[in-house]
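One structure is given below, encoded as structure tokens.
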Amino acid sequence: QVQLAESGGGLVQPGGSLRLSCGASGRIVSINDMGWYRQAPGKERELVATITSGGSTDYVDFVKGRFTISRDNTRNTVYLQMNSLKPEDTAVYYCNMNGRLWFGRPFDSWGQGIQVTVSL
């Protein structure tokens, strides 16, 4: 299957910035959609941002204007640039990708999650 490895999380003060990265490895033929989700303590997981194979992006209203999702297809990597961070952004962030592997197999894979904490 496909393994997703996330990096770039940590502790940051309100108003600060972080850049999350998520790289995929495996017998990947193509990647369709890439996305970032997050889950705060005591809350359900929610979609943060998505980017299609054609480069179209979409964001949840709360992060619009502050977060930017991008992808590097040569490296099978998706990024999330997070600026003007707020305490409400504190959550475990999960990377998601779907596409196709060799032998006609589809995949839909998730990262293990990475902690982002916004606090004084």
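Numbers here are sequence positions counted from 1. Reckoned from all heavy atoms, side chains included, excluding hydrogens, waters and symmetry mates.
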- Test log, rule side-chain hydrogen bond (donor to acceptor under 3.5 Å, both in side chains), inputs Thr52 and Asp33: CA-CA 5 Å; Thr52 69; Asp33 302 318; 5.2 Å; no
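- Put simply, the side chain of Pro14 reaches to within 4.5 Å of the side chain of Leu120, judged on heavy atoms.
- Note that the CE atom of Met97 and the SG atom of Cys22 stand 4.0 Å from one another [nearest 0.5 Å].
- Contact of the Thr50 side chain with the Thr57 side chain is not registered, since no non-hydrogen atoms from C-beta on lie closer than 4.5 Å.
- Between Val48 and Phe62 the shortest side-chain heavy-atom distance does not fall below 4.5 Å.
- Looking only at side-chain heavy atoms (C-beta outward), Ile51 and Val78 come within less than 4.5 Å of each other.
- Two residues are said to be in side-chain contact when any heavy atoms from C-beta on lie closer than 4.5 Å; Leu85 and Gln13 fail this criterion.
- Contact check for Ile31 versus Phe107: side-chain heavy atoms found under the 4.5 Å cut-off.
- If you take CD on Gln1 and CG on Asp108, they are separated by 8.5 Å, rounding to the nearest 0.5 Å.
- For Trp110 and Tyr37, the gap between ring centers is short of 6.0 Å.
- A donor and an acceptor atom, one from each side chain of Glu88 and Thr90, are nowhere located under 3.5 Å apart.
- Remark: Arg45 qualifies as a cation-pi partner of Tyr94 under the 6.0 Å distance and 45° angle criteria applied to the six-membered ring.
- Of all non-hydrogen atoms in Glu6 and Gln112, the two that sit nearest each other are OE1-N, 3.4 Å.
- Within the 4.5 Å cutoff, no side-chain heavy atoms of Arg105 are placed close to those of Arg100.
- Both Tyr59 and Val116 are assigned to one and the same hydrophobic cluster, defined by single-linkage of ILVMFWY side chains at heavy-atom distances under 4.5 Å.
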